Amino acid sequence: MKAEPVCVSSPPALIFVLDLLLGAFVLNLVLQPLVEPDLGWHLRAGLDLVAQGWRLPDTDPYSHTMPDWHWVEHAWLTDGLLALIYRALEPSGGLGLIAFFGGVTALAWWIAAGVALVHRTYRLVALVASLWVALPFLGARTQLISLLGVAVVLTIWSRMQRGQRQWVWALPPLFLVWANLHGGFTAGLFIITVLLSLSFLARVCIEWKIVQAPRDESVLSWDAIRLYTIALIVSLAVTFLNPYGWRLYVEIYESLTDHFMIDTLREWQPVSFQGWAGRAYGFYLLGLIGLMAGWYRRVEPVRWVLLALMLGLSLLHWRNVTLFLIVSLPLVAELCAAAADSLLRCVPVLRSHAPGAVFVLSIVAATALYGLGTEHLEHVWQSGRTPEVYFERTEYPIEAVRWIRSHRDETGTRLYNDYSYGGFLLWQLPGERIFIDGRMPAWRIKDRWIFHDYVDLNREDAPQLAVLDRYGVDWAMIPRGGALAAALGAHSAWKNVYADAKVVIVRRQS
């Protein structure tokens, strides 16, 4: 299908201005401050990896609770790239990280939208809507690498459907790199397997004349299916070319099947349409349904099943919402174009006054962009240029970190820290071994189940202080006002040595 212009009678320069304004919206959305909890440990792991000549540790070097755990870091290459960017741009390394993740995000959404053969403006409109919904999931997250990979997979698939078979051989090198950048490469293998299986079934239905209804999507020939199958097998094989070999799959499987972690962490919870993130996603789904009801008349069984499957997975776990946003993005762009075309045909005055309509849309976009102001981008700049100053306005305990740096003799040797502080402390206090961080929810060695113990320790009704004894903890950094802070503050064996509006630091009496 040939891409159609927004309006044939609109001056290209005017449409270009509208596109620039939409692009500014995209830029505003993809650039986010460095507040992701896991960024700290990814950056620390990368800095140490580069410093040690790219030699990966055999066991966990960052915790005193699980130092014998054979840590498999499925994003080791991303960690190294982050470290190289951070070191190359010091003292403004944070800006480099923001640009990296912003670029990955923009590229992922742009490539996914490019599957839709419609004018650039419609793709940008779909981009802005999708990124706005994805906003709670953006930032310095390594998962964005996998969303970029999924977008590339969708592009290769669309090329294959259009008969460009040579594109299939882009899959093996893609997965070779992807398997070392992020463990989400398994999502790419899953999507390819689903598309291939659906194409096989569709081809069988055609050949055996089981279903003879007209279709609006191309179905791969038997030769293309065989070629795609070979490429998939090769892609699967090359994913074993990573520093951990088959252990990478074991680690991913154990993480995805840890029921306690899935039941406890919010990102694994089913989607709730309460709160800003849930309502935004709900409005997106309602908008998509409305567009489909009004302007979607195509028969595309493979696309239907893939979208339904991804929608179900997104409703099952919060972390899959962005996956559905990427997969559905081409359809949203196509429906925006169909809706606009229908409006122009139904309201002739719009077609005859197209330049004025585009001008009004540009004014609306400019006004909305002006309404956003510069405060967000100022936060982004400050978090990258002077992160310690920026962290003062966040929940991260940068003030306590500064106190620790100058009062190390007043602390202990085995730290307890809140789960959300672990990565941050590894970044800000190099060499300090932490209690827990975002890597460790599924880690378990016999009766040492660190995340389970952490949850027991932080029970609001009765914190299990014996956990601290079990791990030999002699000092702790605790969010102020919680049950654990109150319990240790009232305990004779513990003494407050520091407090501010965010945290208290306590030390065990000798």
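Note that the coordinates shown come from a computational prediction; the quantities given were computed from them, not determined experimentally.
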> More than 12 foreign heavy atoms under 6.0 Å from CD of Q166: is that the case here?
Replying inline: yes
> Side chains of D223 and S221: do they bring a donor and an acceptor to under 3.5 Å?
Replying inline: no
>> Counting only heavy atoms not in W268 (residues, nucleotides, ligands), do more than 12 fall under 6.0 Å from its CH2?
In response: yes
> ring-ring contact (aromatic ring centres under 6.0 Å, His included) between F391 and W427: does it pass, once the steps are laid out?
Replying inline: CA-CA 13 Å; F391 288 138; W427 176 11; 5.7 Å; yes
> Taking the side chain from N320 and the backbone from L315, do they hold a donor-acceptor pair closer than 3.5 Å?
Replying inline: no
>> I'd like to know whether CZ of F273 has more than 12 heavy-atom contacts from other residues, nucleotides or ligands below 6.0 angstrom.
In response: yes
> Is there a donor in the side chain of S314 and an acceptor in the side chain of Y281, or the other way round, less than 3.5 Å apart?
Replying inline: yes
>> Taking CD in E392 as the centre, count heavy atoms belonging to other residues, nucleotides or ligands within less than 6.0 Å. Is the count above 12?
In response: yes
>> If we ignore hydrogens and angles and just use 3.5 Å, is the side chain of H376 paired with the main-chain N or O of N28 as donor and acceptor?
In response: yes
> Considering residues, nucleotides and ligands other than E375, do more than 12 of their heavy atoms fall under 6.0 Å from its CD?
Replying inline: no
> With side chains defined as the heavy atoms from C-beta onward, is the minimum distance between M292 and L335 less than 4.5 Å?
Replying inline: yes
>> Determine whether W304 and V299 satisfy the following criterion, side-chain contact (heavy atoms from CB on, under 4.5 Å), listing intermediate values before the conclusion.
In response: CA-CA 9 Å; W304 292 346; V299 179; 4.0 Å; yes
> Near F200 CZ, under 6.0 Å, is it more than 12 heavy atoms from other residues, nucleotides or ligands?
Replying inline: no
> Any donor and acceptor pair, going by atom type alone, linking the side chain of Q161 with main-chain N or O of S218 inside 3.5 Å?
Replying inline: yes
Could you pull out every donor-acceptor pair under 3.5 Å between side chains of residues 124-132 and any protein atom, sequence neighbours left out?
unit_1: S130; atom_1: OG; unit_2: W109; atom_2: NE1; d: 2.8

>> Please enumerate all residues that pass salt bridge (charged side-chain N to carboxylate O under 4.0 Å, His left out) together with R44, with sequence neighbours excluded.
In response: D48
> Hey, does the side chain of Y390 reach the backbone of H379 with a donor-acceptor pair shorter than 3.5 angstrom?
Replying inline: no
>> Run R319 and L265 through side-chain contact (heavy atoms from CB on, under 4.5 Å) and show every step you take.
In response: CA-CA 10 Å; R319 67 180 290 126; L265 291 179; over 6 Å; no
> Does the pair R141/E267 count as a salt bridge with the N-to-O cut at 4.0 Å?
Replying inline: no
> Does any N or O in the side chain of D418 come within less than 3.5 Å of the main-chain N or O of P479, such that one atom is a donor and the other an acceptor?
Replying inline: no
> Sub-3.5 Å donor-acceptor pair from the side chain of S92 to the main-chain atoms of R385, do we have one?
Replying inline: no
>> For F16, is the CZ atom crowded, meaning more than 12 foreign heavy atoms sit under 6.0 Å from it?
In response: no
> Taking the inter-plane angle between the rings of W157 and Y228 on a 0 to 90° scale, is it parallel (under 30°), tilted (30 to 60°) or perpendicular (over 60°)?
Replying inline: perpendicular
>> I'd like to know if the side chain of S342 reaches the main chain of A338, judged simply by a donor and an acceptor atom lying under 3.5 Å from each other, with no hydrogens or angles considered.
In response: no
> Crowded around F283 CZ? As in, over 12 foreign heavy atoms under 6.0 Å?
Replying inline: no
